[in-house]
Amino acid sequence: MSGLTGEELASMLTHELRNPLNAMAGWLHLLSNAPGGTADPAPALPTRAVAGLRRAVDEQIEQVETLGRVLRLAGGEPDDGACDVDLADLLQSQVDVVRIAPQAEGRAVELELGTNPGGARWSVVVGNADALARAVADMARYAMRNGVAGAPLRMSLRDNEGALQVEFSIDAGADRSVSIWDLFRPPANRLPMPLLHARLAIESAGGVLLPASGSGAAGDVLQIRFKATPQEAG
């Protein structure tokens, strides 16, 4: 499903897992070389080092958990957590999460939801709700880190000729020769682990990622299309 060879996957995972370990090693080195006794010129160093180690350990745990999900999804294992997921509700909940992310400081985060004239719950897909929520949040944070500074992040959901279309737009139509979403284009074998997990979670729910051109009025847009499974409203 991922399009990665075993060697490419191993290389990516090695890089991703090494980063928090390097941070741990750096803080341990500072601790081991800190002067002791009451003459310590940096008495706050142990406190800073412990805090840094705690952050690195938490990051390592998160990376290992993500790695497990990536390997299961890449291996095509059935998802025991698959269920009906209302994308409209999921996007609304993640907008609130993304707005308080550090990357969102000074940037508007907007959500536009289409409407369905019928009585069915039109925005339902079958997938893992937790994995899809994490995918939305990770892609939003990636967009805010790499998109045009200060431009609003716009997420939208609408019906597109029977398919559900989710869009992430970050540059408000600015003319860009290269889209930040081009890393999703084939062979897409250099994705960082959070985005690889996002891609696999979306694909396991029947979604297809369609990076748009980063030039002209189209803006820096990523489209994701799902096959909807409408249900009667309860």
Side-chain angles (χ1 to χ4, degrees), residues 15-24 26-27 30 44-45 47-66 69 87-113 129-158 165-184 190-199 201-202 209 211-224:
H15 172 75
E16 294 287 342
L17 294 175
R18 185 184 293 120
N19 287 338
L21 289 174
N22 287 340
M24 294 180 207
W27 284 114
L30 286 175
L45 178 60
T47 300
R48 290 173 46 227
V50 169
L53 282 169
R54 183 175 291 114
R55 288 193 301 271
V57 169
D58 289 343
E59 182 180 347
Q60 185 73 68
I61 292 171
E62 183 176 348
Q63 292 280 39
V64 170
E65 291 175 348
T66 302
R69 290 190 292 269
L87 289 180
D89 292 344
L90 184 144
L91 286 170
Q92 183 64 69
S93 69
Q94 290 311 299
V95 163
D96 296 333
V97 172
V98 170
R99 279 180 177 147
I100 62 174
Q103 298 88 345
E105 185 174 354
R107 188 192 297 269
V109 179
E110 304 168 359
L111 174 63
E112 179 182 349
L113 297 177
D130 290 339
L132 288 172
R134 184 186 179 96
V136 168
D138 283 341
M139 288 194 296
R141 285 189 284 263
Y142 165 80
M144 291 188 293
R145 280 195 303 270
N146 296 280
V148 173
L153 170 65
R154 295 189 174 95
M155 295 185 283
S156 65
L157 171 67
R158 63 186 177 88
Q165 183 164 302
V166 177
E167 289 189 356
F168 290 81
S169 175
I170 192 66
D171 75 353
D175 187 6
R176 295 169 62 89
S177 59
V178 178
S179 169
I180 63 169
W181 303 109
D182 277 354
L183 77 174
F184 281 108
R190 291 295 181 268
L191 291 173
M193 196 175 342
L195 292 187
L196 176 59
H197 172 262
R199 177 188 168 192
I202 289 166
L209 290 89
S213 169
S215 62
D220 213 344
V221 178
L222 175 70
Q223 298 175 348
I224 307 169

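For the numbers below, each heavy atom of this structure counts, side chains included, while hydrogens, waters and symmetry mates do not. Everything numeric in this text was worked out from a predicted model, so none of it was measured. All residue numbers in this chain count up from 1 along the given sequence.
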Quiz item: Step by step, would you call Tyr142 with Ile180 a side chain to side chain contact (heavy atoms under 4.5 Å, CB included)?
Solution: CA-CA 9 Å; Tyr142 165 80; Ile180 63 169; 3.9 Å; yes
Return all side-chain donor-acceptor pairs below 3.5 angstrom for residues 96-112, not counting sequence neighbours, or 'none' if the list is empty.
from, atom 1, to, atom 2, distance (Å)
Arg99, NE, Val109, O, 3.2
Arg99, NH2, Val109, O, 3.0
Arg107, NH1, Val148, O, 3.0
Arg107, NH1, Ala151, O, 2.6
Arg107, NH2, Met144, O, 3.0
Glu110, OE1, Arg154, NE, 2.9

Can you tell me how far [atom2] of [Y] sits from [atom1] of [X], rounded to the nearest 0.5 angstrom?
X	Y	atom1	atom2	answer
Leu91	Leu157	CG	CG	6.0 Å
Leu153	Met139	CG	CE	10.5 Å
Asp138	Gln94	CG	CD	9.5 Å
Arg141	Asn146	CZ	CG	13.0 Å

Quiz item: Looking only at heavy atoms, what is the nearest atom pair of Phe168 and Val136, with distance?
Solution: CE2-O, 3.9 Å
Exercise. Mind listing the closest non-hydrogen atom pair of Leu183 and Pro192 along with its distance?
Key: CD1-CD, 4.1 Å
Exercise. Please identify each residue that fulfils side chain to side chain donor-acceptor pair (under 3.5 Å) with Gln165, with sequence neighbours left out.
Key: Asn160, Glu167, Arg225
Quiz item: Side chains of Phe184 and Leu195: closer than 4.5 Å at any heavy-atom pair?
Solution: yes
